[in-house]
Amino acid sequence: MKLLVSGLTGQLGSGLVEAVPSELVELVPLVRPLASRDGAARLRAAFPTSPELAARVIEGDVTRPHWGLDAATIRQLAIGIDGVLNLAGETNWAAGRRELDATNVRGAVNGYELTRALEAASGARKLYCHVSSIHAAGGMTGRVPETPFEADERRTPYELSKWLGEVALLGRAERQDAPSLCIARVGGLLGSSATGVTRRRNSLYMLADRVDGLPFGILPISRSGRVDMLPRDVAARLLIDALLALHATPPEAPQIIHVCAGESAPTTDAVLRALASLDEGHRAGRLRALRVPTRGIVMATQQLPRYQHLARTWHNALIGLRYLTFERTFERSRLAALVSETLPVATIEQLIRLAFELPAPRVLPTHDDLSLARFAR
Ligand SMILES: NC(=O)c1ccc[n+]([C@@H]2O[C@H](COP(=O)([O-])OP(=O)(O)OC[C@H]3O[C@@H](n4cnc5c(N)ncnc54)[C@H](OP(=O)(O)O)[C@@H]3O)[C@@H](O)[C@H]2O)c1
């Protein structure tokens, strides 16, 4: 399978390069140039052991129509490409509506229209996979199915932009002769399961980074939130396996899948208890949970930034509390039906060791509600 991929320089993109054998999937990266470096130079710097990526690079910007590709480039690409995978996203939860919507809504739609143009140029069916987020669920709790989400006033601007991206794509997919659509809602991403290398962006990393600044080490959370995260390479491999299945049997109707830890995601309580035992005597192990109702966290994360200027890092950390708070389980049955292997299970020790960068212990502690797997270093 040959895929045009945006967002390869990000956390999930790095996981894709780490986890997906080039014999299985050929990646054609779409990268935006920076002032001082072109796309090829950026890819050489990001992936020094995969020089073929820089050699194949196409420069573009997802906020532009057809991601900035001209008709000649589209015609050239159309011949061999099987699909388009949109990993590009504005992932700064504290960003403004304009930036969030430009990438997460307009960028998503531009990718779909680009796929349509590739179909028109080749006369062959193509797949468009847009990576959304489980956080598009807003304030939903309980079991969260792999189906379209309803409007929800409790969404943050980031969550709203991810949801609006989904709504816009699902609307377009209803038209006649529309390209096949897959919306992959990805869960939180940890660093590589093999090396621990990461881009520090998500709730657990933000907590890990801010532990020293929490007054008296107190962490306000609700009782039974779940921490739904997978290492980036594990999530990327899962996503690609699903896309291979969809490529083999193109779907008639849009597919929504949850690429996340699902029912194996541990509770925040369990994570904090395991953290205390694994990080005994150190800063993170001294965290104390202050129980607050979910409603309080939802209100604080929505309202506080409106009335109080928060530094970007604290703003992100505040929003990150939501993703340690919601008592919900993301269903993975549609994903399971697509991929042949057993779905990956989140292990609490790996989660903690990756996020808090703890060294592997000589003797593993035991824990009541989780099977602990040794952290691969
Ligand atoms: N990380 C998580 O925990 C998480 C959880 C759930 C869902 N997701 C979703 O998964 C996707 C990937 O996330 P990530 O963590 O890999 O994000 P990331 O590390 O922030 O990387 C974002 C990627 O998007 C690219 N990008 C942004 N704006 C672009 C534009 N206008 N044109 C072209 N490329 C652009 C960036 O390129 P540059 O290098 O040029 O900036 C970068 O490669 C996003 O849609 C995100 O919402 C992530």
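Just so you know, ligand 1 is whichever comes first in the structure, and atom 1 is the first atom listed for that ligand. From a predicted model like this one, the values you see are computed outputs, not experimental measurements. For this chain, numbers begin at 1 and follow the sequence in order.
Distances below 4.0 Å separate heavy atoms of Thr103 from the following atoms of ligand 1: 28 (N). Near Gly89, meaning under 4.0 Å from one of its heavy atoms, ligand 1 places the atoms 22 (C), 24 (O), 27 (C), 45 (O).
Arg237 has a carboxylate O that lies under 4.0 Å from a charged side-chain N of Asp241, or vice versa, which qualifies the two as a salt bridge. Taking 4.0 Å as the cut-off between side-chain N and carboxylate O, Asp228 and Arg226 do not count as a salt-bridged pair. A salt bridge links Arg143 and Glu331; the closest N-O separation between the charged side-chain nitrogens and carboxylate oxygens is under 4.0 Å.
Not a single heavy atom of His135 sits closer than 4.0 Å to an atom of ligand 1. The shortest separation from a heavy atom of Ser132 to ligand 1 is under 4.0 Å, placing the residue in contact. Ligand 1 is approached by Gly187 to a heavy-atom distance shorter than 4.0 Å.
A distance of 9.5 Å separates OG1 of Thr115 from NZ of Lys126, quoted to the nearest 0.5 Å.
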Listed pairs under 3.5 Å, donor-acceptor, residues 75-82 side chains, sequence neighbours left out:
residue: Asp82; atom: OD2; partner: Lys2; partner atom: N; Å: 2.8

Report all side-chain donor-acceptor pairs from residues 158-178 shorter than 3.5 Å, counting only partners two or more places apart or in another chain.
residue: Glu159; atom: OE1; partner: Thr156; partner atom: N; Å: 3.1
residue: Glu159; atom: OE1; partner: Arg322; partner atom: NH2; Å: 2.9
residue: Glu159; atom: OE2; partner: Arg322; partner atom: NE; Å: 3.0
residue: Glu159; atom: OE2; partner: Tyr323; partner atom: OH; Å: 2.5
residue: Ser161; atom: OG; partner: Asn104; partner atom: ND2; Å: 3.0
residue: Ser161; atom: OG; partner: Tyr158; partner atom: O; Å: 2.7
residue: Lys162; atom: NZ; partner: Val131; partner atom: O; Å: 3.3
residue: Trp163; atom: NE1; partner: Phe149; partner atom: O; Å: 3.1
residue: Glu166; atom: OE1; partner: Arg185; partner atom: NE; Å: 3.3
residue: Glu166; atom: OE1; partner: Arg185; partner atom: NH2; Å: 2.9
residue: Glu166; atom: OE2; partner: Ser132; partner atom: OG; Å: 2.7
residue: Glu166; atom: OE2; partner: Arg185; partner atom: NE; Å: 2.9
residue: Arg172; atom: NE; partner: Glu113; partner atom: OE2; Å: 3.3

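Nearest to atom 17 (O) of ligand 1 by heavy-atom distance, out of Thr91, Leu12, Asn92, Val131, is Thr91. Ranked by closest heavy atom to atom 7 (C) of ligand 1, the top entry among Ser133, Ala235, Gly320 is Ser133.
Looking at Ala102 against ligand 1, nothing comes within 4.0 Å, counting heavy atoms. Contact annotation: for Leu87 versus ligand 1, heavy atoms closer than 4.0 Å belong to the backbone alone. When non-hydrogen atoms are compared, ligand 1 lies under 4.0 Å from neither the backbone nor the side chain of Tyr323. For Lys162, every heavy-atom contact with ligand 1 shorter than 4.0 Å involves the side chain, none the backbone.
Taking a 6.0 Å sphere around CZ of Arg125, one finds it holds more than 12 heavy atoms contributed by other residues, nucleotides or ligands.
With respect to Leu16, the side-chain contact (heavy atoms from CB on, under 4.5 Å) criterion is satisfied by exactly one of Leu85, Leu3, Val25, Asp233: Leu85.
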